[in-house]
Protein chains: 2
Amino acid sequence: MAVTIKDVARLANVSPSTVSRVISNSSRISDATKNVVYAAMEELNYKPNAIARNLANASTKTLGLIIPNKEENLFKNPFFIQAMRGISIYSQKKNYKIMFNYSSNPEDELSFVREFVHSKWVDGIILLTANEDDLCIDYLNEQAFPFVVIGRPFNLHDIMWVDNDNFQATYHLVNKLIQKGCQDIAFIGGPSRRIFSKDRLEGYKRAIDLRNLTLDEALIVETNDFTDENGYQAMKEICKHKIPDAVVTTDDLLAFGVLKYIREHDYKIKVTGFNNTPLSEYQMPALTSVDIKAEDLGYNAAKLLIRHLEGRDSPVNHFIVGTELIERQSTK
Amino acid sequence: MAVTIKDVARLANVSPSTVSRVISNSSRISDATKNVVYAAMEELNYKPNAIARNLANASTKTLGLIIPNKEENLFKNPFFIQAMRGISIYSQKKNYKIMFNYSSNPEDELSFVREFVHSKWVDGIILLTANEDDLCIDYLNEQAFPFVVIGRPFNLHDIMWVDNDNFQATYHLVNKLIQKGCQDIAFIGGPSRRIFSKDRLEGYKRAIDLRNLTLDEALIVETNDFTDENGYQAMKEICKHKIPDAVVTTDDLLAFGVLKYIREHDYKIKVTGFNNTPLSEYQMPALTSVDIKAEDLGYNAAKLLIRHLEGRDSPVNHFIVGTELIERQSTK
DNA sequence: CTGAAAGCGCTTACAG
DNA sequence: CTGAAAGCGCTTACAG
């Protein structure tokens, strides 16, 4: 059997209560006793049983994570692994552990969340995406269970979240293209059930607007999925109407399809992607892309949540992570 | 306060013991009582407290995972996320949870393993890589703690592991190249502290040997890291000696560097990679690569471990996952 | 088939 | 500053 607090107490000639207090470094224990206890722990190679502590403390110092498996581009887009890394780094600092689950569909996602919540396995949950009418968010709110969302939720009751300023990112980007002399700037975006898709489109529209260019709806395509094929088709569609001099996309995969179309037709069009995936620098030409700093998103999500769990809430319940435009040949 | 087994017992007019037995669906409980208890659980919306169960059962139904963070190509190579997905899928089936940690160096890795072991947080551990003189493996062995390794360990005491047949993979590949008429086949591999590097080199040598080609040591380069730069330099080195008609590499990133060198010099050389990363199909030309089926590796690792934990050991303590050669333009 | 009791290994309010 | 005792919410050998 493993050595317990009782064994330590016996050897140190104190009560288990005292040992417990030494471990948690709590209250007023004399240095003398502390040292005896430390020595005993050392000698017996004692390690606290985390599970027993969890039960007594009604807390696990563990965060739950749901990874949406449906994401086709889970492997091509390093977003999730980067975010997880950021989460992990902050959590480790604060001695929190992480538990995760892949979900293959929204129903699974909800049931994993429920399981996390009522089994008492985790102290808080990090949602890696925010959807319109997000069932998990609704449920967690209803249960008043601590959680944070990566991605600004549609409906911010009193929710903690972290996100980029997606509006600003495309606004800035489009401005830059206009400065370079582009007039006809097309936009290929994602499904509007994702709020970042909406925000990015808005940023684009605003920039066009403020620069007194005319907004040409035929230059805007909203796709269902982030695939090269969709990018390719969207580009084909747009070009039937008019050959733009720049194309802004909201995902690198879309941009890859666009580049392919452009190569085939030997057009000279500036193209930008989003997410700065590793693939982008290998494109022909290398793709300019907006880096969304996924690791920072994860890091700050963990930070907001853990601070909340420790009762040290930040003055604001959300955090904006800056994006960075990585310029490569495709906008030269 | 959350509802406990006692509340259910009270409502159902039975003892807590009985409720507990109904939950675990154990022993002989009459259907009548079962139904009363189920009804009570339903009414109170009772959910067992997992932590309390863990403590009483001395088991958490949780697996621990260490993700080596040092891997430069964590994002470019989807190995880890794919393996995690495989692990997760099998675990979910068996109602096991997963806990993970990123480690930034081997010392961290060991200390996370220790923490997993002695805190009783997890029932078993999955190591995502096997190194020569692997400290974690030694420690886990010493502690007789259940674990499985992805990657055949150098020193197989009585260790559970899953791996590809790396020898076979390159052997087969080189044979194929020879059949296509290649004579001077170069090899660019990784550091020999990884056993898969060794195995792949052996497979290459054997194929050359059996086909009665002469093994030219100057056509073999072992690099320290899997980077395009290393691939590029290695290729440069090799070409000083002789222009080969094919190059076998043990990682896609190496192959990317090789392709770059070849493009620059406009050589006509067949090239193969390893891991079939998403990047490979975007290369110019698209890269032929060996898919190592990382998800299957993870799945079977979890399977071996969980079966072991449940006392249903497989007759063999390891499992070989087949590779698949994905042929693209680079070997046309 | 079911219950009372002890136990899993901690923590902590209470008392001294 | 320290201890005895009760408690966290389950499980299970023992007894009936």
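Note that these values count all heavy atoms, side chains included, but never hydrogens, waters or copies made by symmetry. The chains referred to below are lettered A, B, ... by the order of the sequence lines, with proteins before strands, and numbering in each begins at 1.
- With rounding to whole Å, L55(A) atom CG is found 12 Å from dT11(D) atom C1'.
- Between K6(A) and P16(A), it is K6(A) whose nearest contact on DNA chain C lies nearer the 5' terminus.
- With dC1(D), dT2(C), dA4(D) as the choices, the nucleotide that has an atom nearest any side-chain atom of S15(A) turns out to be dA4(D).
- Under 4.0 angstrom from either OP1 or OP2 of dT2(C) there lies at least one side-chain N or O belonging to T33(B).
- When rounded to the nearest whole Å, the span between CG of N54(B) and P of dC10(D) equals 12 Å.
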(message) Using the rule given for side chain to side chain donor-acceptor pair (under 3.5 Å), can you reason through E107(B) versus S111(B), listing the C-alpha separation, both sets of side-chain angles and the distance that settles it, and then say yes or no?
(response) CA-CA 6 Å; E107(B) 294 80 55; S111(B) 77; over 6 Å; no

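- Look at the P atom in both dC10(C) and dC14(C): the space between them is 24 Å, to the nearest Å.
- The CG atom of N35(A) sits 16 Å away from the C1' atom of dT2(D) (whole-angstrom rounding).
- Proximity of a side-chain donor or acceptor of N101(A) to a complementary backbone N or O of I66(A) within less than 3.5 Å is not detected.
- Distance check on atom P: dA6(C) versus dT2(C) gives 23 Å, rounded to whole Å.
- Between N57(A) atom CG and dG7(D) atom C1' there is a gap of 13 Å when expressed in whole angstrom units.
- At least one donor-acceptor pair under 3.5 Å links the side chain of D134(B) to the backbone N or O of N131(B).
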(request) Determine which bases of DNA chain D form Watson-Crick or G-U wobble pairs with both distances under 3.5 Å, and write the result as a 5' to 3' dot-bracket string with | for other-strand partners. (result) |||.||||||||.|||

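- Nucleotides dC1(C) and dA5(C), compared at atom P, are 24 Å apart to the nearest Å.
- Checking side-chain atoms of S91(B) against main-chain N and O of Y96(B) turns up no donor-acceptor pair under 3.5 Å.
- Separating the CG atom of D31(A) from the C1' atom of dT2(D) is a distance of 15 Å, rounded to the nearest angstrom.
- Using modelled atom types, one side-chain atom of K97(A) and one backbone atom of N95(A) make a donor-acceptor pair closer than 3.5 Å.
- None of Q82(A), K93(A), K293(A) except one satisfies the side chain to side chain donor-acceptor pair (under 3.5 Å) rule with Y299(A); the exception is K93(A).
- Under a 3.5 Å cut-off, the side chain of D123(A) and the backbone N or O of S59(A) do not form any donor-acceptor pair.
- Among the heavy atoms of the strands lying under 4.0 Å from S30(A) are primed sugar atoms or P, OP1, OP2 only; no base atom is included.
- One interatomic measurement links the two molecules: CZ of R21(B) to P of dG9(D), which rounds to 20 Å at whole-angstrom precision.
- Atom pair I5(A):CD1 and dA4(D):C1' shows a separation of 14 Å (rounding to whole Å applied).
- The CD1 atom of I51(A) sits 16 Å away from the P atom of dC8(C) (whole-angstrom rounding).
- Projected onto DNA chain C by closest heavy-atom contact, A56(B) and T18(B) fall at different nucleotides, the more 5' of which corresponds to T18(B).
- T4(B) comes within 4.0 angstrom of the backbone, heavy atoms only, and of no base.
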